[in-house]
There are 2 protein chains.
Amino acid sequence: MSEKNTPTSAEQHDDGLGIRRYRQIKNKDLVKKRRAQILEAARKLFTKKGFPVTTIQDICEESGVNPGSLYDYVQNKDDILRQLFKEMMGESSEVRAAFVPSEEINDLDALRRYMRTAIGHSWTFSPEIISLAYQETRFLDQTTKQEIMSADRELIERWMVWIKQALGREVDQERLVVIASLLVFIFAFLPLKGWTTRGLDQDKVLNATVEFFIKGLGSL
Amino acid sequence: MSEKNTPTSAEQHDDGLGIRRYRQIKNKDLVKKRRAQILEAARKLFTKKGFPVTTIQDICEESGVNPGSLYDYVQNKDDILRQLFKEMMGESSEVRAAFVPSEEINDLDALRRYMRTAIGHSWTFSPEIISLAYQETRFLDQTTKQEIMSADRELIERWMVWIKQALGREVDQERLVVIASLLVFIFAFLPLKGWTTRGLDQDKVLNATVEFFIKGLGSL
DNA sequence: TAATTTGGCTGACGATCATCAGCAAAATAC
DNA sequence: GTATTTTGCTGATGATCGTCAGCCAAATTA
């Protein structure tokens, strides 16, 4: 990633929070608070401008943390992106857990209801996070990248199960994969193209999308 | 965009090809050739690494053009991205023109056939170009960005017409917009997520996608 | 209140990058 | 074969950015 500008610093300590520097901040609550500030600002900026063009100074201005202090709370710029993803992954798997359908999905109506909740949720909750996840992935290390990919895959598999349950019959597996992929894909990417649906109200888009998908299942 | 590192150069000329420098290359064929080299290399690199992290040196290495010479053929780094888009837009509108359906789309079968051609084509032809178009848009100036957006919009409108013709009846306009948008969206973005469909052969994905869409039209 | 610790912040270092001036080499003209 | 134009390329310039050492103030402790 950014191999540049990495002077070697002598006398580093490890505070168990992942920060390495010649001194450590003792007040853990403060560390948490500042780190949260930094990540929040970074999320906003990375989303808007992208990781590489966002400067540490930008982050400092947006978060109110002084450039001199910033390195007391995060390891380096790359670390900020990594932390952000950790947070997101945790968040979104929590969310996903919370959004395991509250009812058994045994018919199309149940599927429809759940789909509406799930899509609606993913659209309103984290448009920018998702955009971040898919656009800035390339700047992450291999492991984090793979985590994201497997999360995606897992989600696809869940939808395959739900769809099959809703239809209540055996279906062509290969087609099922494709459709479930399209579904997850739409979830993730529509926020990115907010301008596509500009002028239409969210609710109508949501309805149209859900009905379209339900009908589309007829191809299975 | 990159407001940095822009020393003012005295005594500039304009060669009518958009290059401004203290001297101009006389051999127009050479200019064309070198520029093509540069753009080809840039396309490859921007696609793989992204615009901001690709350095001029990278482009020089990949293209074989010397860093000292490069500025004889393009204005600056931003210009390279802009040129690339111009090229792509020209290319793709040519392609789109060529792919105006060869037959009247008066029923679902004709639509199905055309959809297969169009999607298949857009998937095989320019996965990386499309990725470029959508991921690096934010680094372009407002005008170029708007060009792209309106090309997209235009395409959506065409599909709205074709779909309506295929169905041969009046349909809910708002839903139609959504579906056409989804279609164009899928066109553009699936190549990006090549890994989604990894392990499945293109042809099956294509079939499943088309059939899914055709069935989905039932929601109109 | 004095001594000590802890955190905020100024200023600087080293690295990289885009850009280009000026010279060497090649090509062309004479 | 010399003179002149045209292109290739070395080397430098200015700007920015990530990173951090070290000084100062505030807070805590004694």
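Residue numbers start from 1 in every chain, and the chains themselves are labelled A, B, ... in the order their sequence lines are given, proteins ahead of strands. Computed from a predicted model, the values in this text were never measured in an experiment.
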Handout entry: A:Lys49 NZ - D:dT16 P separation (whole Å)
Key = 14 Å
Practice task
May I ask you to check if A:Lys77 and A:Phe51 form a cation-pi contact, with NZ or CZ under 6.0 angstrom from the six-membered ring centre and within 45° of the axis?
Solution key: yes
Problem - Whole-Å distance separating the NZ atom of B:Lys33 from the C1' atom of D:dT7 - result: 12 Å
Fill in the blank from the handout: Taken to the nearest whole Å, CG/B:Leu70 to P/C:dC20 is 11 Å
Handout entry: Integer-rounded Å distance: D:dC9 P and B:Asp72 CG
Key = 11 Å
Handout entry: Minimum-distance nucleotide (side-chain atoms of B:Asn76 versus D:dC9, C:dT19, D:dT19)
Key = C:dT19
Problem - Gap separating the CG atom of B:Asp29 from the NZ atom of B:Lys33, nearest 0.5 angstrom - result: 10.0 Å
Practice task
Give the nucleotide from the list D:dT19, C:dG7, C:dT19 with an atom nearest to the side chain of A:Tyr73.
Solution key: C:dG7
Fill in the blank from the handout: When rounded to whole Å, the OH to P distance for the pair B:Tyr71 and D:dG8 reads 16 Å
Practice task
For the side chain of B:Ile56, starting at C-beta, report the closest nucleotide among D:dC20, C:dA18, C:dG8.
Solution key: C:dA18
Problem - Most 5' of A:Thr55 and B:Arg34 on DNA chain D, judged by nearest nucleotide - result: B:Arg34
Fill in the blank from the handout: Here the pair of heavy atoms bringing A:Leu39 nearest to A:Leu84 is O-CD1, 3.5 Å
Problem - Distance in angstrom units between B:Asn66 CG and C:dT19 P, rounded - result: 15 Å
Handout entry: Atom pair distance, as rounded to whole Å: CD1 in A:Ile38 and P in D:dG18
Key = 14 Å
Exercise for the section: Determine the interplanar angle of the A:Trp162 and A:Tyr114 rings, folded into 0 to 90°, and report it as parallel if under 30°, tilted if 30 to 60°, perpendicular if over 60°. Expected result: perpendicular
Practice task
Quickly work out the A:Ile80 CD1 to D:dC17 P distance and round it to whole Å.
Solution key: 15 Å
Practice task
Classify the nucleic acid contact of B:Leu30 as base, sugar-phosphate or nothing, counting any heavy atom under 4.0 Å across all strands shown.
Solution key: sugar-phosphate
